[in-house]
Every structure is written in C-alpha cells, then in structure tokens.
Amino acid sequence: MTLSLKNASKTYPDGTRALLPSNIEIETGEIVSLLGPSGCGKTTLLRIIAGLETPDDGTEVWFDKDNVTQLPVEKRKVGMVFQSYALFPNMSVSTNIAYGLKMQKRPRAEIEQRVEEVLTLCRLNPLANRAITALSGGQRQRVALARAFAPRPRLLLLDEPLSALDAALRDSLRDELSDLLRRLGITAIFVTHDQNEAMAIADRVAVMSEGRIEQIGSPEDLYRNAGSPFVAAFVGNAMCLGKVVQGNTLRLTGGELSLPDDAGGRGVYVRAEDVCIAEDGPLIGKVESVTFLGTHYRVGLSGVTDSTLYSLHSGLSAPRHGDEVKLRIAPEALMLLAEDKTYL
Amino acid sequence: MRLPITKLLQLAVTLLACAFLLVPAIQSVLAGLTVNYFRGMSSGLTLKWLWKVWELYADSIFLSIWLALACLICTAIIGVPAAYALAKNPGWISRILEEFISLPLAVPGLAIALALLQLYGTLQGFRTSWSFILVGHVLYTLPFMVRSVLAVLAAIDLKSLEEGAATLGAGPFRRFCDIVVPNAMPGILAGALTVVTLSIGEFNLTWMLHTPYLKTLPVGLADSYASMRLEIASAYTLIFFIMIVPLLTAMQWASNRAQRISA
C-alpha cells in the first residue's frame, strides 16, 4: 500500500508544536524508518498515521486512494507494535494473535489457520499457549509483531520496537526483525532513535529534528550525502572542523586544510573514520585518549580544533597518550554543509 | 533455654489481647448453644436456639443476602464504568468526582438515611419496598468498588493496552469488555467482596430505612437483643459469625491479590 502524508502537523493544546507541516510518501512494500532524537516528533508522526493522534486541520493522510484522515484508528486497518508491546495480559499468546482476526469477525476455522500460519512465520509455535507474563522480552517482541501482522493490515507501524530490550539482545533481534519484515513483505514504518537500527532495517530513512523531516534517503545516501549538519552529526557522528568565511582553505589551530571547493559561508564536517594518522599529514594534534575497540582504536586528539577530534585508527599499535601526531584528511571525505536553515 | 524478659512481656501482652477479644466471642457462642445460660454449661448443650432463630428471622437472613447481591450488581454496573472513566480522564475534575463519590464514607449513615427519608420518604411504594434500603446500601458501598477498581486500573498500562486493541480493530465497547474488565478483574473481585460484606453488616443506614416487614440481618440482631431471650440473641450472633467470617476471609484474600497487582 502506498502511504502519503500531506501537510501533516500537530500542535498540542499548550501550544507545543510537536510536528511542523510535513510531507512524506511511502511506496508499497517499502520499509521506512523515522530517525531522530527524543522529542523530534517521530512518534507523533507515527501516531498520526495510525490514527491515535488527532492532527491539526489541513493534515491529509492517504492510504492508496482513500483519505483516512477522519477515520478512527479501529477502522484504519493498521498493525502497530508498541514500545511497551501492549500485549493483553489476560490472554495467551495465540489469543493475543487471534484478537485482530476476531474483531474482523472471520470464521473460526480461518482464524485458527491464520494464527497457526503467523505463529510459524514468527517461530512462536512452542509458545502458543503460554501466558504473556511467562515470556522473555525478545519473545514478547515477536508476539507483538505477530499480533499486529495477523489481521493482514494495510500498513505495519513499529514504535521503538527494540528499545525495551537489553543491548546484547537488541543487536541479534535487529537482524531478525529486518529479515522478518522483508519476509512479511509489508509496507512498514518504524520509529527509532538508534541510527544503527535505522540503517540496518530500513530501505529509506527519514531523519527528523525539532518537529521537521530534515532529509529522506537510503541509508547510504544519508551517510554519504548528508544535507545538513544535523543529519551529518546524527547519522555517522560527523564532527565539525570549523567554518570557512571565504576561499577553499580551512585554517585550524593544528594546521591548514585545503578543501575540494570554495566553501564560503559553509561549515566543514568530517567523520572519525576519515581522519587518518599519517607521517606526512598537514595537521598536528596531541593524543588525549586512546580506546581499544577490537577492530580499531578510537583516538581522541586535542589541539586540532577547538573541541576534541576523534580518529578511528586501525593498525596493530596506537600512538600513546601525550604523543604528537600528524593527521591527514582526504579532501573528498570532507563535507561542506551550509548552516541549518533558519527555523520558523 | 529461658526466654528473655522482653520476649516474655511481648508474649503476655499478645495473649492478653487475644483473650480480651476471644473470650467474649467464645462466651457468646456458648451462650447460644447452652440450654439455660443462667445455669451455665451444666444445663447441657442444644441446637434448639439456632432453630428458633431460624424460625423467627429466616426472612431477615434471606433479605440480607438478597440485598447484598442486588447491591453488588448495582455497584458493579455503576462502579466499574465510573472507575474506568476516572482512570481514563485524570485531572482535577476526576479528583473532585472521586472525592464526591467517597463522601458517604465521611457522612454518618444516619445522616444519609435521614436525607433519603426527607427526599423520598413520601413516595409510599418506594419507601416501603426493599429497593429503598438498596439505594442506601449502594450509596454507602459504591466508593469501595470504585476505589478498588481504580487502584488496579491505575497500575496497569491502560492507555497502551487500549490503543493496542484499537489498532486491531476493536471499538470502544469491545475494548471495555475485552481489555478493561478482564484486566480490572482482581480489583472488581476485591471490591465485590467488600461490598457484599459491608452490605450484610450495615446497620446505621438500614436501621433508619427499614420497616417492620423489612428487617435485615443486623437489624434483626438488634431486635433480638432488645426483645428475645439472651440465648436466642447469642445464637443469632453465631449465625451472623458463620455467614460473615468466610466472606471476610475471602475479602482479605482478594484484596491482597489486588494489591499485589497495583504494587
């Protein structure tokens, strides 16, 4: 199903603008992530799509050719996985999964068959008759997904589906969820504040900040062609080197850097993996911290810019604390970004 | 091994307190079972006083049970949706309403009864029917049902559960039946047992509202104390005990369970 949101916005009664007018189009079968820090409006946007939040006048929500803006949530046929899972504690795993089908008044045989099918798909068969309280976090997450998916919704919405799990489980379930969503072959939108999660699962990511959609694109596109300093910093943790007033040279405390283009009025950003420690580098920095991360070292450097600059250094040994090192940054790795557009 | 003096003192105080409560109870039970209380146990034990009570007051017993059940149905029908509405709309209006419902707890039963009499006493058919007493009982027990259900509803994540059901296609009525009521069940059960126990034991209100043909269990008890032999009054107490103790135990169990959920 194609989803299109036109002019979607939400203002709370106290005047807080949770979501500024936003447009988004999502194609059939696409998995889209809404990514942003807490309070950026991503959950509000998801809840407007679900029908759980009443948007401001002027908002239009289209499911294919149906305008569902005025349709209450129970008639929208969306499946939703809640952050807390919201599984019904008074029902077993299979009764939870059957609930949506029961609400559609399907014949009993069909319900049983469909529940069986979804249980198998989510590998929940051995747990079918368990009580919800007897499940682990990961199992609950799968039941929540199965319950949302069973009634064949037009659209699947997931609100921070992994954030209630502990870190180790989260990583393994992330891949599982990505795999499962693709096997289900359903249009899905999921909200997260974790960029790794968004990158791993989504076909397209919408980065949000302060109630606006900053940029929408494939994970690669966002990573390589960040359109704003916020996106560069949030996706891949780009660091600001400084601002150029004019010309194509950036003067830093630790040396001069030549830029690929005239960067007048723009900021220069770089990611830690593009900062190389090299004998012939033009910049000089002092090692402030060294963290061993297995595949590489994360070296914190002072004296290059006003704040600490990080370099991901691979190699068998790392410079020691207090050492002076030379740095090189390839010109093509530098991102020249105009400062944030003026906000309303 | 010798117990330290403090332990001994504690034990003595506990035993004394128990005796203070238990001895009169046992005495009363025995009085209801002896042939002649003034001659004591030597006159022998009998069940005839119990039988006599049954003959005289069976109507009161049935009326009380009937009133308690009717009261339970009314408080459940009014109280559960009321608690749900209060839980769904937190805010100062709800807080005031909740206090308002609880008002009959603070106002003496006699005053409520008087108000009811002033307001509805002239409606002959209503005044002389059992439903007049029922109204008093419902007023008095409703806060217990509402608070008990509200405590459980406040403890569960009602909003998410309802939203979950809504996304699965459940309208407001289905959500109430499938999600709210089953999950509030421990609170409803605890509230129900409290309501039944209170309704059976209620005296103040009922005494003011009753007519000579409508005596509930406690009103009958007062009547038997005032006008019957001591043995009959004591046997009456025994019957009252037999009815109310299992209810009290069940109530304790249910409210413990409800508290575990809301903790």
Side-chain angles (χ1 to χ4, degrees), chain A residues 13 43 46-47 49-53 71-92 95-106 111 115 118 131-133 140 143-160 164 189, chain B residues 76 79-81 83-85 87-95 148-192 254 256-263:
Chain A
T43 298
L46 192 80
R47 291 173 62 87
I49 298 170
L52 291 169
E53 205 78 66
L71 218 55
V73 46
E74 59 263 30
K75 301 228 167 75
R76 284 200 189 182
K77 287 192 163 191
V78 293
M80 182 140 172
V81 176
F82 291 81
Q83 192 170 3
S84 62
Y85 306 141
L87 296 172
F88 310 136
N90 54 316
M91 301 179 195
S92 71
T95 337
N96 260 282
I97 297 173
Y99 190 75
L101 294 157
K102 227 178 270 170
M103 291 302 111
Q104 294 178 353
K105 300 201 170 60
R106 299 291 178 85
I111 295 181
V115 169
V118 176
I132 294 305
T133 41
R140 284 179 202 212
V143 176
L145 187 64
R147 185 182 71 175
F149 179 68
R152 298 194 175 80
R154 309 175 77 174
L155 179 68
L156 197 58
L157 305 170
L158 305 99
D159 186 7
E160 302 262 6
I189 304 174
Chain B
V80 177
Y84 171 60
K88 262 196 95 158
N89 309 296
W92 61 274
I93 297 178
S94 295
R95 204 95 42 78
S148 174
V149 176
L150 194 55
V152 171
L153 288 182
I156 57 178
D157 189 1
L158 189 65
K159 186 168 174 263
S160 292
L161 288 181
E162 272 208 81
E163 285 182 348
T167 58
L168 292 166
F173 181 70
R174 280 250 67 90
R175 297 204 289 268
F176 181 75
C177 296
D178 296 346
I179 309 302
V180 179
V181 171
N183 286 301
M185 212 27 115
I188 298 175
L189 194 63
N256 280 348
R257 214 174 68 130
Q259 254 160 31
R260 265 207 307 281
I261 289 170
S262 41

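The choice from B/Ser160, B/Gly171, B/Gly164, B/Ala170 that makes the most heavy-atom pairs within less than 4.5 Å of chain A is B/Ala170.
Taken from OG1 in A/Thr43 to CG in A/Asp159, the straight-line distance is 4.0 Å, to the nearest 0.5 Å. The structure places CD1 of A/Ile132 at 9.5 Å from CE of A/Met91, a figure rounded to the nearest 0.5 Å. Separation of atoms CD1 (B/Ile156) and CG (B/Asn183) is listed at 4.5 Å; rounding is to 0.5 Å.
In this structure, the portion of A/Leu87 lying under 4.5 Å from any heavy atom of chain B is its backbone and not its side chain. When heavy atoms are compared at a cutoff of 4.5 Å, A/Phe82 approaches chain B solely by way of its side chain, counted from C-beta outward. Interface remark: A/Pro151 contributes side-chain atoms only to the contact with chain B (heavy atom separation under 4.5 Å). Contact of A/Arg147 with chain B is made through backbone and side chain together, with heavy-atom distances under 4.5 Å.
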| task | Check the pair A/Glu74 / B/Arg175 against salt bridge (Lys or Arg N to Asp or Glu O under 4.0 Å), numbers first and verdict last. | result | CA-CA 10 Å; A/Glu74 59 263 30; B/Arg175 297 204 289 268; 3.7 Å; yes
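The aromatic rings of B/Tyr84 and B/Phe176 sit tilted relative to each other, their planes meeting at an angle between 30° and 60°.
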